[in-house]
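Both counts, for ligands and for their atoms, begin at 1 and track the order of listing.
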Amino acid sequence: MRVDVISIFPEYLAPLDLSLIGKARRSGLLDLHVHDLRTFTHDRHRTVDDTPYGGGAGMVMKPEPWGEALDHVADQEDSRPILIVPGPGGARLDQSLARQLAAADWLVFACGRYEGIDERVYDYAQSTYDVRVISLGDYVLNGGEVAALAIIEAVARLVPGVIGNAASLFEESHEDGLLEYPIYTKPEQWQGFSVPDVLLSGDHGRIAQWRHQQRLDRTAARRPDLLPPELAGAPEDLVVGV
Ligand SMILES: Nc1c(O)cccc1[N+](=O)[O-]
């Protein structure tokens, strides 16, 4: 998978050199390119913003640098990349959308700052990109970089080979709609807390059943909205292993 990120703060994307994503870059599984939007300005001050037409607070990102940057990134390529513009007005990222994006060959991220990007950039990009606005949630960030990091991590880890043990992708929270079960490691006793006996039993059938029940209980308690319709609204003590 190729990923391009355009930002006025390219150093914000430095964490992508770390851990499994950094390893995927070095192995060639992830072909990541970060671009400084100011590279595509031509004035002495490398200007990327200006006042909004119609008045209002704050500044708007100018269309010209974005147009040049998007043309530069997509240049000489015949495939149509997905352009992701992280923003509060976008489709909410969830595991299903992350899986969809992980099937793409090429993602390009446009990280807005200030009050956002001139609307004509979205229109201009349509001829070359599949334009998507994606939100992490209903709250306000200062720009798109943090969201781009989160989306890239959620997507890249689903690319085959990025996570060494693919089995660990299953039974994760949200992978199949339920939250994950509690996990434990050595020592058996710690600060007066014990590991549940069932996990020490060696009975894999009982362990699997216990873990499934834990997932149902946790989902019912913390995210009842995720419960399957047949269990939604059922009293917690009736949410039994099904
Ligand atoms: N919420 C927000 C924002 O305020 C600015 C950029 C990106 C996001 N987001 O992805 O959620």
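- Below 4.0 Å from some heavy atom of A147 lie the following atoms of ligand 1, by number and element: 10 (O).
- Among protein heavy atoms, the minimum distance from atom 4 (O) of ligand 1 is reached at L141 N, 2.8 Å.
- Between Y184 and W210, the ring planes are tilted. Angles from 30° to 60° get that label.
- Heavy atoms from other residues, nucleotides or ligands lying under 6.0 Å from OH of Y53 number 12 at most.
- At a heavy-atom distance under 4.0 Å, no atom of L93 approaches ligand 1.
- Here is the list of ligand 1 atoms found below 4.0 Å of a heavy atom in Y139: 1 (N), 2 (C), 4 (O).
- The aromatic rings of H35 and H33 lie parallel to each other, their planes meeting at an angle below 30°, with 60° marking the opposite boundary.
- Looking only at heavy atoms of the protein, atom 6 (C) of ligand 1 is closest to G143 O, 3.4 Å.
- Residues satisfying the side-chain contact (heavy atoms from CB on, under 4.5 Å) criterion with T47, sequence neighbours excluded, are D43, H45, D49, K62.
- At a heavy-atom distance under 4.0 Å, atoms from both the backbone and the side chain of P88 approach ligand 1.
- Put simply, no part of D138 is less than 4.0 Å from ligand 1, judged by heavy atoms.
- Atoms of ligand 1 lying under 4.0 Å from at least one heavy atom of G137, given by number and element, are 1 (N), 11 (O).
- The shortest separation from a heavy atom of C111 to ligand 1 is not under 4.0 Å, leaving the residue out of contact.
- Around the CD atom of E115, the shell of radius 6.0 Å holds more than 12 heavy atoms that belong to other residues, nucleotides or ligands.
- Atom 11 (O) of ligand 1 has as its closest protein heavy atom L136 N, 2.9 Å.
- Heavy-atom contacts from other residues, nucleotides or ligands closer than 6.0 Å to OH of Y122 number more than 12.
- Numbered from 1 in the order shown, with element, the atoms of ligand 1 that lie under 4.0 Å from a heavy atom of I134 read 10 (O).
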Report task. Go through the steps to decide whether R223 and D225 satisfy the test salt bridge (charged side-chain N to carboxylate O under 4.0 Å, His left out), and finish with yes or no. Result -> CA-CA 5 Å; R223 289 292 305 275; D225 58 295; 2.8 Å; yes

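- Within 6.0 Å of CD in E64 there are more than 12 heavy atoms belonging to other residues, nucleotides or ligands.
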